[in-house]
Novice: 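One structure follows; several queries about it will come next.
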Number of protein chains: 2
Amino acid sequence: MAKSARTRQRILDAAAHVLSRKGFAGTRLTDVAEAAELQAPAIYYYFPSREDLIEEVMWSGISNMAEHVQEQLDALPPDTSSLDRIEAAVEAHLRYQLEISDYTTAAIRNAGQIPDNIRVRYSAEANRYGDIWRKLFQEAKREGSLRSELDPRAARMLVLGALSWAAEWWNPRRGSLDQVIRTAKSIVRAGLSTAPEAETAAPAPQRTRARKTAKAAG
Amino acid sequence: MAKSARTRQRILDAAAHVLSRKGFAGTRLTDVAEAAELQAPAIYYYFPSREDLIEEVMWSGISNMAEHVQEQLDALPPDTSSLDRIEAAVEAHLRYQLEISDYTTAAIRNAGQIPDNIRVRYSAEANRYGDIWRKLFQEAKREGSLRSELDPRAARMLVLGALSWAAEWWNPRRGSLDQVIRTAKSIVRAGLSTAPEAETAAPAPQRTRARKTAKAAG
DNA sequence: CTGGTTTTCTAGCCACGGATCAATACTAGC
DNA sequence: GCTAGTATTGATCCGTGGCTAGAAAACCAG
């Protein structure tokens with residue numbers, strides 16, 4: 001009984017991997033099968049169709065990301081400032097995207113290329129994730145931490161874009177992840193904040209790096 | 001003689017359009033032909049193969065972008081500060097990407113999915129564009145305008161990511177382009193700058209918005 | 001071993017897309 | 001109207017990939 005679930009997961013992982021670098025239309029079941037170490041028709045024992053498989057990859061990618069980020073936010077002390085919360089979300093997003101999962105990469109790269117029927121469910125989940133950030137920015141605005149000349153929606157999407165795009169260029173051999181995270185946090189805080197950054201270069205309390213729940217998808 | 005060139009251009013435009021929303025593997029010659037209003041085999045009169053066509057779309061997308069941005073930078077007065085130059089590049093990039101061309105969107109979305117043989121030429125051109133930004137950031141660093149805790153490469157790529165990603169979410173009906181540009185400039189400047197932003201909310205001399213050379217691809 | 005269930009494989013149908021090529025317009029100059 | 005070169009099409013070949021069916025294998029009681 002457990003074996004079945006493991007095989008299914010292997011197929012999903014393989015599909016995420018292929019999807020992330022070949023694109024929606026370029027994802028062949030034979031490639032997925034090869035990566036999962038079985039024959040292509042075996043996939044049909046676990047998924048009704050190619051599209052269903054891909055849909056689940058896309059869906060679970062963004063869904064797990066949302067869960068992960070939300071988890072990290074919930075772990076913060078309740079009196080954390082809105083900008084600190086945004087920083088924590090930046091770190092959670094980058095860490096998950098770059099260190100853990102093919103899924104988010106697959107989702108992000110193919111969001112614009114999937115056919116409508118798949119997009120429906122995906123968009124719903126993407127919106128749920130977007131809500132997390134929308135809320136973060138609303139809080140910041142309400143607290144007066146967001147500079148007034150910024151359009152909140154544009155600012156939010158620009159930040160999310162900077163993070164999402166990191167999967168395209170980040171390479172573990174060219175600079176550490178921590179370095180990227182530190183830079184991203186710094187830019188985002190300074191980029192959004194009204195305050196002239198009192199604690200400038202001070203390392204700042206690392207309380208945002210909560211715990212290391214390296215929870216693999218599934 | 002002019003007709004031939006026009007048909008060729010029509011095919012290129014169509015290919016850019018299809019490529020940007022169907023992805024590399026999903027780009028069918030029949031779809032391109034339909035958008036270009038001719039029959040698929042006619043494409044082979046102008047391009048030796050499907051891959052050559054796609055390669056030219058990718059290549060020219062990033063190439064025109066580089067040219068456009070460089071042009072705008074060259075139009076700035078020689079004493080322009082490095083941060084003002086970066087702001088100008090931000091505006092040039094966004095304006096070109098969002099207002100003018102399917103090509104850049106196609107290039108950006110498919111950069112991670114094209115096969116190696118196409119990627120070679122594309123990467124060369126992408127590097128050329130990257131150089132423009134690398135230089136901008138180096139200048140800023142040399143001038144001492146870049147905060148010291150920022151990793152220059154990470155900072156540069158995060159900014160470029162924020163801009164590139166804009167094509168994924170920006171919609172002319174949901175907020176004006178000028179609004180997005182203003183927000184992006186503001187975030188980038190404040191995000192990178194050492195100075196505590198003296199001219200805060202003041203509209204600031206609009207000398208970065210150079211002229212409106214709406215030069216279409218080709 | 002045996003019988004039954006779960007899982008995987010072999011074989012193959014079918015549709016589609018890239019590519020080729022001969023045939024056909026269209027356009028100019030005569 | 002003929003001809004030469006340009007531009008476009010329709011018919012077709014070939015390879016490939018999603019998917020199905022049914023057999024084979026692996027697994028697991030007893």
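In the text below, chain A, chain B and the rest are named by the order of the sequence lines, each starting its count at 1.
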Novice: Side chain of B:Pro41 only, heavy atoms from C-beta on: which candidate in C:dG18, D:dG10, D:dA7 is closest?
Specialist: D:dG10
Novice: Whole angstroms only, please: what is the CZ-P distance between A:Phe47 and C:dT8?
Specialist: 12 Å
Novice: Quick one: which of C:dA19, D:dC27, D:dG18 gets closest to the side chain of A:Lys3?
Specialist: D:dC27
Novice: I'd like to check A:Tyr103 versus A:Asp13 (side-chain heavy atoms, cut-off strictly below 4.5 Å). Are they in contact?
Specialist: yes
Novice: How are the rings of A:Tyr129 and A:Trp133 set relative to one another: parallel (under 30°), tilted (30 to 60°) or perpendicular (over 60°)?
Specialist: perpendicular
Novice: Between atom CD1 in A:Ile11 and atom P in C:dT7, what is the gap in whole Å?
Specialist: 11 Å
Novice: From CZ of B:Phe24 over to P of C:dG17, roughly how many Å is that when rounded to an integer?
Specialist: 15 Å
Novice: Which whole-number value in Å describes the distance from A:Gln39 CD to D:dA23 C1'?
Specialist: 15 Å
Novice: Counting any heavy atom closer than 4.0 Å, what does A:Tyr46 reach on the DNA or RNA strands: base, sugar-phosphate only, or nothing?
Specialist: sugar-phosphate
Novice: C:dT7 phosphate, OP1 or OP2: any side-chain N/O from A:Ser4 under 4.0 angstrom?
Specialist: yes
Novice: Going by the side-chain hydrogen bond (donor to acceptor under 3.5 Å, both in side chains) test, name the single residue among B:Gln72, B:Lys185, B:Arg182 that passes it with B:Glu91.
Specialist: B:Lys185
Novice: Closest approach of B:Gln113 and B:Arg119, non-hydrogen atoms and distance?
Specialist: N-NH2, 4.0 Å
Novice: Given 3.5 Å as the limit, does a donor-acceptor pair link the side chain of A:Arg85 with the main chain of A:Leu76, or not?
Specialist: no
Novice: What is the distance, rounded to the nearest whole Å, between atom CD of A:Glu34 and atom P of C:dT8?
Specialist: 17 Å
Novice: If I take atom OH in residue B:Tyr44 and atom P in nucleotide D:dA11, what distance separates them, rounded to the nearest angstrom?
Specialist: 19 Å
Novice: Give the nucleotide from the list C:dA19, D:dG10, C:dG17 with an atom nearest to the side chain of B:Arg28.
Specialist: C:dG17
Novice: Let me know the distance between CD1 of A:Ile43 and C1' of C:dT7, rounded to the nearest Å.
Specialist: 14 Å
Novice: Let me know the distance between CD of A:Glu51 and C1' of D:dG17, rounded to the nearest Å.
Specialist: 14 Å
Novice: Between A:Tyr45 and C:dT7, does any side-chain N or O lie under 4.0 Å from OP1 or OP2?
Specialist: yes
